[in-house]
Structure formats: C-alpha cells, structure tokens
Amino acid sequence: MKQLSVNIKNPEKSSYQILIGSSLLKNISKYVDFSKYSKIAIITDTNVLPHLDNLKTGIKRDSLVVALEPGEKNKNIKTVEKIWKSLTDSGFDRKSLIINLGGGVVTDMGGFAAGCFMRGIDFINIPTTLLSQVDASIGGKTGINFENIKNLIGTFSQPFMTLIDTETLHTLPKREFISGFAEIIKHGLIKDKDFFNYLGSKQPYSFSPEEIVNIIEKSCLIKKEIFEKDPVENGPRKILNFGHTIGHAIESLSHDTQNPLLHGEAIAIGIMAEGKMSEIFGLINDKEMALIKRTLENAYLPIKTDLDVSLILKKIKNDKKNNFGQIKWTLLKEIGNASYDFDAKEEIVKKALSSVL
Ligand SMILES: NC(=O)c1ccc[n+]([C@@H]2O[C@H](COP(=O)([O-])OP(=O)(O)OC[C@H]3O[C@@H](n4cnc5c(N)ncnc54)[C@H](O)[C@@H]3O)[C@@H](O)[C@H]2O)c1
Ligand SMILES: [Zn+2]
C-alpha cells in the first residue's frame, strides 16, 4: 500500500491521507476509526454496487446506502436534495460521516452534499474510476452542474481521507480506464518529463497491477504538490487546467452529437490543441509536439474531432472560467513544465485548432 500525506496550512481541517493499494475496502476499519461517528452513509451509484459488499464488510457497522442513478446528467441539485433528504430522514447529525463510493460524479456530488450538510460533515472519498482516483477525488473541489453549466455550484471541501482501492478498477469499462489515462498523461506533461516518458513506454493495459498502483501514486503526488500550494486556485494550481479550456468546449459540444466524448477523451484533444498553441508561441518545438501526439495515440486516446473550429471557439468564449471575458491560458514551456495566465489572440487559438483537427 502507498500512502501520501496532504498538508494544507489554511483553511483549517484540511490535512488528510490518500491511501492507495489493493484490498483496502475490506480492510477499511484498519485505517478509519468509525466508532467516533454517530451514523454513516454510503453514497454510490448503481454501476458501483459490485463493490458495496466489500465496503460494508469493511466498515463492520450499519450504514445507510444511497444508490444514485449513474451519469453526469444526474449531477444536479435534485440529486443532492435526495441525498440531504435521506440523511435528514435517517436522523444524521454533525457527527455523521459520508463515504462517497464511485466515480467523479459521486465524489463531486457527495463531497458537495457533505460540505453543506449542517455546514459540513466529514466525508471519505473512495474513487472507483481511474479518472476520479488521480483527479476528482483529491484537491477538494466539489460541485454540481447548474443551468447547463458544468460545476457551476460547488465548494472547496477537503475529504477526511481518500482511499484508492485499485481492485475497483477490475469492473471499470476499458474506455473509462483509457479516459482516466489522459489526466495522468497531463500530470506528466505539466510537471514531470520522466513520468511522461514512462507513460509512453507501454500501452495502458500493459502496465502490471503494481505499476498501475505506482502510476496512480505518482499522479496523485503531482496533483497534491500543486494544490497544496494553492488550495483555492488563485495561481499555480491553474497549471492543472492544461488541455481543459479547449477540452471542456469539445466535451460539451460533443454531448449534442451522436458521438459524445468522455472527459479524458476530450481533454486528450484539448492537450493536442493547447500543445500546438505552446508550439506556435515558440515555447515547445515540433519534436515535443510529435511526442505528445505519439503518447496520446499510444494510449488509444483520440487526438482530433470533426467538430467545427468556429463552434469550438464560440463555446470557449462562453466558458464560465473565462474571467471577465478575458481568457487566460495554461501552456507548456517544455514537456514536464507548464505555466499559466498566458494571453492569446483568437487567431492563435484558431490556428492551433485548425492545425490539429
Ligand atoms: N473535483 C475535481 O477536481 C474533478 C476533477 C476531474 C473531474 N471531475 C468530475 O468528475 C466527473 C467525471 O468523473 P468520472 O469519469 O469518474 O465519471 P463517472 O463518475 O460518471 O464514472 C464514469 C462511469 O463509470 C461508472 N463506474 C464508476 N466506477 C465504476 C467501476 N469501478 N466499475 C464499473 N463502472 C464504474 C459510473 O457509474 C459511470 O457510468 C465529472 O463530473 C467531472 O466534472 C471533478
Ligand atoms: Zn479533467
């Protein structure tokens, strides 16, 4: 088992452990003292039910199970209301615990529900997709979609613990696994060249279970070192957004087509386009760009879309994260080193998109 300590000076109540390994669900009582909680709720979705028994066995106490309908379309205030109603009906109080067992939808929504219930109760994240293991379940961002805008409503609430049991990946569809790999590649690109090169050395499914544990650990370590220094995204944390300004626009547009993309798939295309912007700015060279392309292709990730460039540009301009209409970009200075708050004329974005799509 791997163990990383997260230490954030401010706000308070925000130091916690990320445990990574196998058979952790069954043995969860070794790592968490459940006796200090008045009640325990497990928030999950119906695709994750195969893992519920192991968790319930591990907790060794009665718990309330709230099994939600899976999918991004349910990540909304109605579902959160259902969670709050279940907690209220069952007499949950400030000393209760929520355990989020699922992908990023469950950890984002369960974290939000916990962060607001009685002004915040403890919650544990048990992410069950590769994407949520290396990204959504750590960093403290929680939230729901509102008025068709992704993650518009949310909080920064750090979990009490994140527990990554890699055995949960056994039931994860292949396409979801590959999608998660895109965020791992992004972590290498923005912070660690050797790690990036290692990821390209094999295809995702050729890594052994031990290697996958190490890859998840390294990826979490990179993310944690970034968000520890900037927990609420005032500055350096923005490098995590590499590939996401264009990626989010593509993801969202793809949902209105016959071929909706998974988050990581759209981010892979975003990485290509924002990598190309970095090249146009003279920050990275064509060899580095070619290596990025090869690495994404090697992981079976898409590198282009047939969506219209002008539609993508329009969508980017409507992104809620674009402060006062002024878009700030995260770009690569070299492989393994990203920087943020670049300004770019629309022409550059258009040129980059046109050349990679
Ligand atoms: N908070 C953050 O910092 C952050 C970062 C990245 C992404 N996110 C959010 O995370 C969400 C995407 O996360 P995701 O990709 O995990 O999506 P998800 O939670 O929708 O999971 C993907 C699919 O896999 C299923 N699933 C989950 N675990 C499974 C398992 N072990 N076996 C079989 N099926 C399983 C789910 O039911 C779902 O159908 C988005 O809502 C995104 O906004 C948040
Ligand atoms: Zn992402």
Side-chain angles (χ1 to χ4, degrees), residues 25 43-52 54-55 67-76 79 100-112 115 123 125-146 149-159 162 164-187 189-190 219-220 223-224 226-227 231-233 237 239-248 250-252 255 260-271 274 301 320-321 330:
L25 287 186
I43 316 284
T44 189
D45 80 35
T46 50
N47 289 335
V48 190
L49 292 179
H51 304 288
L52 187 61
N54 276 344
L55 176 59
L68 308 170
E69 284 300 309
E72 187 73 27
K73 64 178 185 307
N74 299 306
K75 190 177 155 183
N76 56 37
T79 313
N100 300 314
L101 174 73
V105 167
V106 167
T107 57
D108 269 18
M109 201 158 40
F112 177 68
F123 66 98
N125 279 337
I126 307 184
T128 58
T129 62
L130 186 59
L131 186 129
S132 58
Q133 293 180 347
V134 299
D135 198 352
S137 71
I138 55 170
K141 283 188 182 178
T142 78
I144 51 170
N145 305 329
F146 190 69
I149 305 175
K150 226 171 123 64
N151 303 327
L152 185 67
I153 310 291
T155 59
F156 281 99
S157 311
Q158 301 294 339
T162 289
I164 301 172
D165 187 334
T166 47
E167 277 174 32
T168 59
L169 296 174
H170 295 167
T171 56
L172 188 69
K174 252 187 175 175
R175 190 174 163 196
E176 293 284 353
F177 183 83
I178 298 294
S179 167
F181 222 79
E183 295 286 0
I184 299 177
I185 290 174
K186 180 202 75 182
H187 285 154
L189 275 173
I190 60 173
S219 202
C220 289
K223 179 161 179 182
K224 118 179 161 92
I226 294 168
F227 77 74
V232 293
E233 198 169 296
R237 184 176 177 149
I239 65 168
L240 289 164
N241 296 336
F242 179 64
H244 279 64
T245 304
I246 291 175
H248 272 149
I250 291 174
E251 181 182 9
S252 158
H255 286 172
L261 292 167
L262 297 180
H263 177 72
E265 294 171 337
I267 294 313
I269 303 168
I271 287 173
E274 294 178 24
L301 282 158
K320 71 173 160 78
K321 293 200 181 84
T330 294

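As the structure lists them, so they are numbered: ligands from 1, and atoms in each ligand from 1. Counting from 1, the numbers follow the sequence of the chain as shown.
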**Q.** Heavy-atom pair of closest approach, residues E274 and T330
**A.** OE1-O, 3.9 Å

Q) Can you name the nearest heavy-atom pair linking I43 to V106, along with the distance? A) O-CG1, 3.4 Å

Q.
Keeping R237 on the side-chain end and P231 on the backbone end, is there a donor-acceptor pair under 3.5 Å?
A. yes

Q. At the Zn ion (ligand 2), what is the angle formed between atom NE2 of H244 and atom OE2 of E183, rounded to the nearest 10°?
A. 110°

Q.
For G247 versus I267, what's the shortest heavy-atom pair and its separation?
A. CA-CD1, 4.0 Å

Q: Would you sort out whether K223 and E183 count as a salt bridge (charged side-chain N to carboxylate O under 4.0 Å, His left out), showing the intermediate values?
A: CA-CA 10 Å; K223 179 161 179 182; E183 295 286 0; over 6 Å; no

Q: May I ask you to decide if the ring planes of F177 and F181 are parallel, tilted or perpendicular, using 30° and 60° as cut-offs?
A: tilted

(Q) Strictly under 4.0 angstrom, heavy-atom based: which residues surround ligand 1? (A) D45, N47, V48, H51, P70, E72, K75, G103, G104, V105, D108, T128, T129, L131, S132, D135, A136, K141, K150, N151, T168, T171, L172, P173, E176, K223

